[in-house]
Amino acid sequence: INQCSGNGVCRSGFCQCKEGWYGVDCSVPSKDLSPLNWPSWMRPASIDVPDDSSLSEHISQRQAIKARIRRKHPLIYIYDLPSEFNSHLLEGRHWKYECVNRVYNNINATSWTEQLYGSEIALYESLLASPHRTNNGDEADFFYVPVLGACLITRADDAPHLNMQKFMFSRSYFNLDVHKRAYLHILQSYPYWNRTAGRDHIWFFPWDEGACYAPKEIWNSMMLVHWGNTNKKYNYSTTAYSPDNWDIIPLEERGSHPCFDPEKDLVLPAWKAPDPSLISARYWERPRNERTTLFYFNGNLGDAYENGRPESSYSMGIRQRLAEEFGSIPNKEGKLGRQATPGVVVTSLRSPYYAEELANSKFCGVLPGDGWSGRMEDSILHGCIPVIIQDGVQLLYESVLNYESFAVRIAEEDIPQLVQILKGFKELELDFKMANIQRIWQRFLYQNSIMLEAHRQQSWHGFNELWAKQFATLFEDDAFSTFIQVLHYKLYNDDWRLDMKSGPKSLGLPEQCKG
């Protein structure tokens, strides 16, 4: 994690820290270390020192100075959980690419993975290195609980000692149990949970159906997910992969909470590896008149097609219905979709030109798989207007962004009218949506995580690879800064904070930002 911050030895994910350094990523110094050598995350945003004082002289001599330290809110306390909840899961993974966003080759150069679940590590590492982190729980605005759920689920299939029989061989049930044990640990070891009944705590559930299987004890908390199923339509497990089905979890363990509550939870982007060609080709800003395909979707279309998923419940049947109407390649029976139309591509054939085909399209389908899929990110990063077809499921940042300004949502029952609906948009409306995509597309990338790695590689090994050069040219808010902005907003707008006697902390936020 964070390559042990340069203060330890990495053992496949577990950091063995050097003397004087502590924490899951060896980023916490001992009290004997001079503040001049503190890591950047511990340094205050600013220190006001009297004009006649020399800060470096006083600090080096350990003399008292009168200073006012300003920290960046929101302040986030990250629990230092036992390693069974995080670093040991990394260390014990059987396949090195599982649940991480990068690995290293024999000369220590970075190899980025295509693991969509790598978002969990990306966010965790960014938090650990962030100036918004605090080691003082008493001043914290939020508390992050770092259980690496994606690593946990991938281990469940291949680690006999985990005793899956106890959980009816359900990975979701097993994951619930581990999160409950983490909850009991912080409840018994720290004083912070009971202060707000856990409402200022944050958990990340990155797997296919998000927080559907969260234990009832932690539901007051904020859930970070990729699957925003509000259960308004699908009030049951939608995965077609039986080991992940959470319907079998006893009610007394899970409770009756929905999978996602837009009032308190947040849908975050999945991990997308930093592709230098994305930046050099500038796909996100390709103009409408150069996009010749009306609608594009490429993915598994179910059992009617070669190598398709056999389960009728896969994708809640939505991909299958889209293909029945608009399939642009022959199915097993040699038939195209009933309304196969030029300029409408609905295919299950993998393409080496996937990025170019997205960038050549005006509209791109965003449909579920076993729970969420990464199609929203693909659409936005290539400047293609997302067409969301999944009733009652919120997408990335949908609770905080104006989706009507850059996306289209079509009801599942209206799939047969898809082409008619899309052709009904005026050119001015398309240009408006595409222009807004250009304003927000960087929020769908974990650039902070990418640049942390670029800095490490440059500082430690002198590497400055193409991906680092290309992504260093991006300066707008990314996924991590968007997450921090959402937390900042919640400080002044969460009802439970406003109802507390003390009220929200005074953070110097302008009045116009408080409503």
Side-chain angles (χ1 to χ4, degrees), residues 116 119 226 228 266-299 343-345 353-368 372-390 393-410 418-419 421-448 450 470-471 473-483 485-486:
L116 297 175
S119 54
H226 301 316
L266 183 66
V267 184
L268 287 177
W271 170 256
K272 290 292 180 178
D275 179 3
S277 66
L278 172 71
I279 311 301
S280 59
R282 303 183 71 83
Y283 289 129
W284 67 88
E285 64 179 18
R286 183 169 293 180
R288 170 181 48 80
N289 58 7
E290 295 181 17
R291 296 174 180 264
T292 55
T293 300
L294 175 66
F295 176 85
Y296 181 82
F297 181 80
N298 188 323
V344 175
V345 177
Y353 309 107
Y354 181 62
E356 190 66 29
E357 289 167 1
L358 286 167
N360 281 338
S361 304
K362 296 180 179 71
F363 296 96
C364 293
V366 178
L367 285 70
W372 60 272
S373 71
R375 296 306 193 275
M376 186 69 182
E377 295 87 337
D378 290 344
S379 299
I380 293 292
L381 296 180
H382 294 82
C384 186
I385 299 171
V387 178
I388 303 161
I389 310 177
Q390 39 192 306
V393 180
Q394 285 209 0
L395 276 293
L396 324 179
Y397 309 130
E398 193 166 355
S399 56
V400 297
L401 294 181
N402 178 8
Y403 258 52
E404 288 187 5
S405 69
F406 64 90
V408 175
R409 187 176 275 278
I410 294 178
L418 171 71
V419 172
I421 292 170
L422 298 183
K423 286 184 176 179
F425 284 96
K426 297 179 174 61
E427 291 182 352
L428 186 62
E429 293 178 284
L430 301 188
D431 292 340
F432 175 74
K433 289 179 183 293
M434 289 180 180
N436 283 326
I437 289 174
Q438 292 179 29
R439 295 185 179 99
I440 64 170
W441 73 275
Q442 291 185 41
R443 294 184 185 274
F444 293 74
L445 279 174
Y446 287 90
Q447 195 215 7
N448 182 273
I450 296 167
Q470 293 281 26
F471 279 79
T473 65
L474 305 180
F475 299 103
E476 300 298 326
D477 294 323
D478 78 329
F480 181 68
S481 57
T482 303
F483 168 60
Q485 289 162 8
V486 170

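Bear in mind the structure is a predicted one, so any value in this text is a computation, not a measurement. Side-chain atoms are counted along with the backbone in the values below, which use heavy atoms only and exclude waters and symmetry mates.
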Option among I385, T293, V387, L430 that satisfies the side-chain contact (heavy atoms from CB on, under 4.5 Å) test with K362: L430
Minimum heavy-atom distance L278-W284, with the two atoms named: O-CZ3, 3.3 Å
Ring centers of F406, F432 separated by less than 6.0 Å: no
Exam field: side chain Y397 to backbone R443, donor-acceptor pair closer than 3.5 Å: yes
N/O donor-acceptor pair under 3.5 Å between N436 side chain and S405 backbone: yes
Side-chain heavy atoms of L294 within contact of V419, under 4.5 Å: yes
Qualifying residue for side-chain hydrogen bond (donor to acceptor under 3.5 Å, both in side chains) with R409, from E404, Q390, E398: E398
Separation of S280 OG from Q470 CD (nearest 0.5 Å): 5.5 Å
Residue pairs fulfilling salt bridge (Lys or Arg N to Asp or Glu O under 4.0 Å) with at least one residue in residues 285-298, sequence neighbours excluded: R282-E285, R286-E356, R288-E427, R288-D431
Residues K272, D378; criterion side-chain contact (heavy atoms from CB on, under 4.5 Å); working and verdict: CA-CA 9 Å; K272 290 292 180 178; D378 290 344; 2.8 Å; yes
Side-chain (H226) to main-chain (L268) donor-acceptor, under 3.5 angstrom: yes
Shortest non-hydrogen separation from I388 to A407 and the atoms involved: CD1-CB, 4.3 Å
Any donor-acceptor N/O pair, Q447 side chain to L474 backbone, under 3.5 Å: yes
Min side-chain heavy-atom separation I450-F471 under 4.5 Å: yes
Straight-line distance of L445 CG to L381 CG, nearest 0.5 Å: 5.0 Å
Nearest heavy atoms of S361 and E357, plus distance in Å: OG-O, 2.7 Å
Shortest non-hydrogen separation from D478 to Y446 and the atoms involved: OD2-C, 3.6 Å
L396 to P269 - nearest heavy-atom pair and separation: CD1-CA, 3.9 Å
Straight-line distance of L422 CG to F363 CZ, nearest 0.5 Å: 5.0 Å
For the student: nearest non-hydrogen atoms of V366 and P386, plus distance: CG2-CB, 3.8 Å
Atom pair CD1/CD1 of I410 and I421 - distance to nearest 0.5 Å: 4.5 Å
Worked check of side-chain contact (heavy atoms from CB on, under 4.5 Å) between L395 and V267: CA-CA 6 Å; L395 276 293; V267 184; 5.7 Å; no
Side-chain touch L367/F297, heavy atoms, less than 4.5 angstrom: yes
Q442 side-chain N/O to E476 backbone N/O, donor-acceptor pair under 3.5 Å: yes
L116/W372 under side-chain contact (heavy atoms from CB on, under 4.5 Å): CA gap, chis, key distance, verdict: CA-CA 11 Å; L116 297 175; W372 60 272; 3.5 Å; yes
Atom pair NZ (K433) and CZ (F425), whose distance is rounded to the nearest 0.5 Å: 5.5 Å
Any side-chain heavy-atom pair of S399 and Q394 under 4.5 Å: yes
Donor-acceptor contact present, side-chain D477 to main-chain T482, <3.5 Å: no
Spacing of F444 atom CZ and M376 atom CE [to the nearest 0.5 Å]: 5.0 Å
Residues Y296 and N298: side-chain donor-acceptor under 3.5 angstrom: yes
